[in-house]
Amino acid sequence: MKAVLAYSGGLDTSIIIPWLIEHYHCEVIAVCVDLGSVKDPQRLHQRALQAGATKLYIVDARQEFVKDYLFPLVRAGARYEGQYLLGTAIARPLQASHQVRIALEEGADSLVHGCTGKGNDQIRFEMAYRVLAPHLQPIAPWREWNIGSRQEALAYAEKHKVALEGLSQEHIYSRDRNIWHTSHEGGVIEDITQAAPESIYQRTATLQDTPDDTELVEISWEQGMPTALNGSTLAPLEIILQLNQVAARHGIGRADVVESRITGMKSRGLYETPGGTLLYRALLELESLTLSRELRSTKMLLADKYAELIYSGRWFSQLREAIDAFMLHVAQRLCGRVQLALYKGNISIGRRQADYSLYSRYLSSFDTSYNHQDASGFIKLYGLQNDILKTDQRNQEAGQPEESGYSQKVYTAKNRRQHD
């Protein structure tokens with residue numbers, strides 16, 4: 001038997017290797033899809049082989065991640081429950097797709113992940129497996145073994161001589177990191193009555209350590225995709241990396257969220273998404289200039305559904321593809337430049353300029369010559385339905401027949417004019 005494991009080098013996936021060998025008597029091939037978390041490939045390779053894997057594939061998918069996953073996410077404006085910018089959820093379908101690709105190339109029998117039975121990621125991985133390789137057996141050790149806590153997992157690692165630098169019994173937060181975000185769960189974070197300790201955050205500066213001067217950054221857009229910073233055209237990955245740096249030093253991008261997991265329970269997570277926070281804010285401003293009220297409100301409704309699909313592991317779905325087609329059409333008007341001013345964790349808006357702006361200073365100005373009496377007729381028509389409903393309601397309360405209501409009076413008066 002040959003099993004292909006989605007491998008990060010962390011606690012869970014490291015102990016899964018000897019566990020699989022012990023319980024499934026199989027060859028284990030590890031696959032690490034690098035989305036910005038691999039700092040020392042050689043050390044990661046040594047750790048995987050030392051734990052018992054026969055091979056480790058490291059796939060650099062950072063460019064693909066930004067271009068084909070993150071930028072469409074930004075274009076849609078998707079936020080799960082209004083706060084979470086989906087940094088972990090959006091990564092899983094890409095990681096699963098490369099894991100499946102290698103499993104098929106290796107002639108493997110099963111696909112393995114290190115997700116717990118309580119979380120969302122087990123669903124995200126296995127939903128992708130079902131679409132991409134339904135004939136391969138999924139294995140989820142956390143749903144099979146008798147290891148019930150991170151403390152027990154550490155003890156298992158020590159027993160099997162699995163090296164885990166940087167983890168201890170005192171600091172055992174569950175973290176996920178990629179070029180888009182860093183998430184933190186577990187430990188003292190689970191106590192929602194307490195503020196999160198500042199020491200947990202790894203990516204963004206505390207407000208006390210941020211610069212005392214405002215910093216300006218201008219983001220240029222073409223069809224809903226960022227293309228340049230401060231006038232310099234950059235590759236997608238470089239845009240994310242530079243925005244991460246500038247936002248992080250100003251303490252921007254933190255979110256302390258109690259969210260609804262797919263499995264039904266509530267959980268608390270701390271998220272740091274510095275560059276992404278700037279992109280979302282800038283595109284929101286561009287939308288305010290270029291999209292009509294009806295189109296913008298529809299886009300917001302579909303953005304919520306898009307976020308829900310990603311969060312619940314349905315990236316590979318017809319509905320997600322259809323929403324992307326809608327977002328691509330809308331984005332044809334999202335071209336322009338937005339300047340942001342960053343200071344002490346806050347984002348202010350500087351210049352805005354859109355190639356297809358619907359804003360007219362002439363029409364909106366108080367100084368423009370305008371016949372204010374024209375508004376009277378508009379308001380009467382705008383409120384006509386409410387007038388009809390209220391009049392009929394009063395007549396019904398007075399015991400009068402329905403035909404004596406406002407709508408019947410209007411109809412009768414119309415007929416009288418026709419006969420006259």
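Below, all heavy atoms of this structure are taken into account, side chains as well, without hydrogens, waters or symmetry copies.
With 3.5 Å as the limit, one finds no donor-acceptor pair spanning the side chains of Thr182 and Gln202. Ser183 and Asp176 share no side-chain donor-acceptor pair at under 3.5 Å. Side-chain polar atoms of Gln95 and Arg92 form a donor-acceptor pair below 3.5 angstrom. Side chain to side chain, His98 and Glu64 meet the donor-acceptor criterion of an N or O pair below 3.5 Å. Side-chain atoms of Gln137 and Tyr129 include no donor-acceptor pair closer than 3.5 Å. For Ser8 and Thr13, the side-chain atoms include at least one donor-acceptor pair closer than 3.5 Å. No side-chain N or O of Tyr57 forms a donor-acceptor pair with one of Glu105 less than 3.5 Å apart.
Atom CD of Gln318 is surrounded by 12 or fewer heavy atoms from other residues, nucleotides or ligands within 6.0 Å. Counting non-hydrogen atoms of other residues, nucleotides and ligands closer than 6.0 Å to NZ of Lys305 gives a total of 12 or fewer. Counting non-hydrogen atoms of other residues, nucleotides and ligands closer than 6.0 Å to NZ of Lys67 gives a total of 12 or fewer. Annotation: Met1, atom CE; neighbour count of heavy atoms from other residues, nucleotides and ligands within 6.0 Å is above 12. Residue Ile192 places its CD1 atom among 12 or fewer non-hydrogen atoms of other residues, nucleotides or ligands, all under 6.0 Å distant. Taking a 6.0 Å sphere around CZ of Phe326, one finds it holds more than 12 heavy atoms contributed by other residues, nucleotides or ligands. The number of heavy atoms from other shown groups lying within 6.0 Å of CD (Glu158) does not exceed 12.
Side-chain contact check for Ser364 versus Tyr359: some heavy-atom pair is nearer than 4.5 Å. Contact annotation: the side chain of Tyr382 never approaches that of Leu384 to less than 4.5 Å [non-hydrogen atoms, C-beta and beyond]. Contact annotation: the side chain of Gln99 approaches that of Val4 to within less than 4.5 Å [non-hydrogen atoms, C-beta and beyond]. For the pair Leu283/Ile219, no side-chain contact is recorded, criterion being any heavy-atom separation below 4.5 Å from C-beta on. Asp256 is listed as a side-chain neighbour of Arg268, based on a closest heavy-atom distance under 4.5 Å. In this structure the side chain of Pro211 reaches within 4.5 angstrom of the side chain of His250, judged on heavy atoms.
A cation-pi arrangement is present between Arg124 and Tyr311, with the terminal nitrogen or guanidinium carbon under 6.0 Å from the aromatic centre and inside a 45° cone about the axis.
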Verdict with reasoning, Tyr24 to Glu144, per side chain to side chain donor-acceptor pair (under 3.5 Å): CA-CA 12 Å; Tyr24 280 85; Glu144 297 184 28; 2.8 Å; yes
Full working for side chain to side chain donor-acceptor pair (under 3.5 Å) between Thr116 and Gln122
CA-CA 7 Å; Thr116 70; Gln122 58 179 335; 5.8 Å; no
Inset, instruction - Carefully, step by step, assess Ile90 and Leu70 under the rule side-chain contact (heavy atoms from CB on, under 4.5 Å). - result: CA-CA 7 Å; Ile90 192 67; Leu70 294 181; 3.8 Å; yes
Review point. Thr263 and Lys118: side chain to side chain donor-acceptor pair (under 3.5 Å), yes or no, with the steps?
Key: CA-CA 7 Å; Thr263 51; Lys118 283 187 175 182; over 6 Å; no
Test log, rule salt bridge (Lys or Arg N to Asp or Glu O under 4.0 Å), inputs Glu106 and Lys2: CA-CA 8 Å; Glu106 287 282 349; Lys2 186 183 292 186; 3.6 Å; yes
Handout entry: salt bridge (Lys or Arg N to Asp or Glu O under 4.0 Å) evaluation trace for Lys344 with Asp209
Key = CA-CA 9 Å; Lys344 300 292 182 184; Asp209 295 330; over 6 Å; no
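No salt bridge links Asp40 with Arg47; every basic N to acidic carboxylate O contact stays at or beyond 4.0 Å. Contact check on Arg75 versus Asp324 returns a salt bridge, with a Lys/Arg side-chain nitrogen under 4.0 Å from an Asp/Glu carboxylate oxygen.
Between Glu272 and the options Arg254, Arg203, Arg177, His184, a side chain to side chain donor-acceptor pair (under 3.5 Å) holds for only His184. No option in Arg352, Arg333, Lys299 other than Lys299 meets the salt bridge (charged side-chain N to carboxylate O under 4.0 Å, His left out) test with Glu287.
Considering every non-hydrogen atom in both Thr210 and Ala205, the closest pair reads CG2-CB, 4.1 Å. When every heavy atom of Ile123 is checked against every heavy atom of Ser312, the shortest pair comes out as CG2-O, 3.9 Å. Between Glu152 and Asn146, the closest heavy-atom pair is OE1-O, 3.6 Å. The two atoms that bring Ile240 and Ile179 nearest to each other are CG2-O, 3.5 Å, heavy atoms only. The shortest non-hydrogen separation linking Leu279 to Trp180 is CD1-CZ3, 4.2 Å. When all heavy atoms of Ile347 and Arg281 are compared, the pair lying nearest together is O-NH1, 3.3 Å.
The stretch residues 188-197 participates, sequence neighbours left out, in these side-chain hydrogen bond (donor to acceptor under 3.5 Å, both in side chains) pairs: Asp191-Thr193.
Taking the six-membered ring where tryptophan is involved, the planes of Tyr80 and Tyr84 are perpendicular, since the angle between them exceeds 60° and thus also 30°.
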